**Q** 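Let me give you the structure first, and then I'll get to my questions.
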Amino acid sequence: MLLEANKAFNLTAIRDPDEAWSRHILDSLTLLGVLAEIKAPEGEGGASVRIIDVGTGGGLPGIPLAIVRPDVSVTLLDATAKKCAFLEHVTREMGLTNVEVVCARAEVAGQDRGERTATGRVGGHRDAYDLVAARAVGRVATLSELTAGLARVGGLIALIKGEKAAEELEEARGALHLLHLAHAGTVQTGTGRIVVLEKLRATPKSYPRRDGEAKRAPLGKA
Ligand code: SAH
């Protein structure tokens, strides 16, 4: 479906099916190891682990993960309406009942605290996810601001990266500090590297900043 839709509008530069299997599907599934380390939340009658894929585009890495882990609840986030329509179509066609598509900017979702009720908050994306994943959306300094608010305290952020992982991480040191994120480790995989961050404490209220700022002026840069 990805390669078919790609003929009508641009979702990926990769058009060869064999290459797409390794560069897209296997690369997405490298997150399975990180996902395996996450425990289901306590209580609430067996609530499932929640992942959000920030800037999912054509559904990578979120859709492959949702297929192989039907027990995990996957939210696909993208700001482009056309991509969201495609993702809705794929979700319906494949009967993926564990997938939700949210068409919004990460800056907005990251500040969405849901509604306050007598018993607490309901809905909203802030502090809601056990794992926040992203691939090919930006550098670590920018992505850390776009993802931090979405993770729960103690939750993980897993960024699929390539050879520049260490360099980007070094550049993001100031941002990680301001966002209360720690570098939990970098995993070398068959297709690249995964930079894993842990959310140590609540994200300061002002982050993520308004649309475009995380990319225009990454945090922690003099
Ligand atoms: N993760 C996919 C797509 C990468 S392209 C893959 O690996 O193939 C980057 C995607 O991120 C685009 O679809 C773009 O619409 C989305 N995006 C970029 N900035 C965003 C933001 N601030 N909020 C939400 N989506 C964003």
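Position 1 is the first residue of the sequence, and the numbers go up from there. Note that this is a predicted model, so its numbers are computed, not measured. Whatever order the structure lists them in is the order used to number ligands and atoms, beginning at 1.
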**Q** Could you tell me whether Glu115 atom CD has more than 12 heavy atoms of other residues or ligands within 6.0 Å of it?
**A**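 Open: at most 12 neighbouring heavy atoms sit under 6.0 Å from CD of Glu115.
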
**Q** For ligand 1, is any non-hydrogen atom under 4.0 Å from Ala104's backbone (N, CA, C, O), its side chain (CB onward), both, or neither?
**A**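 The backbone, only.
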
**Q** Is the closest protein non-hydrogen atom to atom 20 (C) of ligand 1 under 4.0 Å?
**A**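 Within 4.0 Å of atom 20 (C) of ligand 1, no protein heavy atoms are found.
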
**Q** Using a 6.0 Å cut-off, check whether atom CZ of Arg15 has over 12 heavy atoms from anything other than its own residue.
**A**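 Counting other residues, nucleotides and ligands, CZ of Arg15 exceeds 12 neighbours.
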
**Q** Would you mind listing which atoms of ligand 1 come within a distance below 4.0 Å of any non-hydrogen atom of Ala79?
**A**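 Selected atoms, number and element: 24 (C), 25 (N).
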
**Q** Where on Lys83 is there a heavy atom closer than 4.0 Å to ligand 1, on the side chain, on the backbone, on both, or on neither?
**A**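 Looking at Lys83 and ligand 1, just side chain atoms fall under 4.0 Å.
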
**Q** Specify the protein heavy atom at minimum distance from atom 22 (N) of ligand 1: its residue, its atom name, and the distance to 0.1 Å.
**A**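 Ranking protein heavy atoms by distance from atom 22 (N) of ligand 1, first comes Glu107 OE1, 3.0 Å.
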
**Q** Before signing off on this row, confirm whether Leu11 and ligand 1 have an N or O atom pair separated by under 3.5 Å.
**A**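 Looking only at distances, the answer is no, because the N/O contact criterion of under 3.5 Å is not met.
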
**Q** Check Leu76 against Gly62 and note the closest heavy-atom contact, atom names and distance.
**A**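 That would be CD2-CA, 3.6 Å.
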
**Q** Could you go step by step and tell me if Glu19 and Arg23 meet the salt bridge (Lys or Arg N to Asp or Glu O under 4.0 Å) rule?
**A** CA-CA 6 Å; Glu19 202 184 344; Arg23 298 266 303 268; 2.6 Å; yes

**Q** Are the side chain of His180 and the backbone of Ala202 linked by a donor-acceptor contact shorter than 3.5 Å?
**A**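 Such a contact is found between His180 side chain and Ala202 backbone.
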
**Q** State, to 0.1 Å, how close Pro70 and Ile67 come at their nearest heavy-atom pair, and which atoms those are.
**A**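 Smallest interatomic distance, heavy atoms only, reads CD-O, 3.7 Å.
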
**Q** Out of all atoms in ligand 1, which are within 4.0 Å of some heavy atom of Thr80? Include the element for each.
**A**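 The atoms of ligand 1 under 4.0 Å from a heavy atom of Thr80 are 15 (O).
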
**Q** For ligand 1, which atoms have a heavy atom of Ala106 less than 4.0 angstrom away?
**A**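 Answer for ligand 1: 21 (C), 22 (N), 23 (N), 24 (C).
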
**Q** Among Lys199, Arg152, Arg121, Arg113, find the one that has a side-chain hydrogen bond (donor to acceptor under 3.5 Å, both in side chains) with Asp127.
**A**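 It is Lys199; the other options fail the test.
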
**Q** Nearest protein heavy-atom contact for atom 11 (O) of ligand 1: which residue, which atom, what distance?
**A**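 Checking every protein heavy atom, the shortest distance to atom 11 (O) of ligand 1 gives Gly55 CA, 3.3 Å.
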
**Q** For atom 5 (S) of ligand 1, grab the closest protein heavy atom and report residue, atom and distance to one decimal in Å.
**A**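 Result for atom 5 (S) of ligand 1: Ala136 O, 3.7 Å.
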
**Q** Report the C-alpha distance between Arg105 and Asp211 in whole Å, list the side-chain angles of each, state the deciding distance to 0.1 Å, and finish with yes or no for salt bridge (Lys or Arg N to Asp or Glu O under 4.0 Å).
**A** CA-CA 7 Å; Arg105 286 193 65 102; Asp211 291 5; 3.6 Å; yes

**Q** What are the two closest heavy atoms between Glu167 and Arg139, and how far apart are they?
**A**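 Heavy atoms only, the tightest pair is OE2-NH2, 3.7 Å.
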
**Q** Could you pull out the closest heavy-atom pair between Val99 and Ala66, with the gap in Å?
**A**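 That would be CG2-CB, 3.4 Å.
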
**Q** Quick one: which of Asp78, Val137, Leu87 has a heavy atom closest to atom 13 (O) of ligand 1?
**A**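 Heavy atom nearest to atom 13 (O) of ligand 1 belongs to Asp78.
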
**Q** With heavy atoms of Gly57 as the reference, note each atom of ligand 1 found under 4.0 Å away.
**A**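 Near Gly57, the atoms of ligand 1 are 3 (C), 13 (O).
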
**Q** Indicate yes or no: does an N/O atom of Leu77 lie under 3.5 Å from an N/O atom of ligand 1?
**A**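 The answer is no, given that Leu77 and ligand 1 share no N or O pair closer than 3.5 Å.
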
**Q** Please classify the His24 to ligand 1 contact at 4.0 Å (heavy-atom distances, strictly less than): side chain, backbone, both or neither.
**A**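 Neither part.
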
**Q** Mind checking whether Thr56 contacts ligand 1 via backbone (N, CA, C, O), side chain (CB onward), both or neither, at a 4.0 Å heavy-atom cut-off?
**A**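 Backbone only.
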
**Q** Report, in ascending order of atom number, the atoms of ligand 1 lying under 4.0 Å from any heavy atom of Arg135.
**A**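 So the atoms of ligand 1 that pass are 1 (N), 2 (C), 4 (C), 6 (C), 7 (O), 8 (O).
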
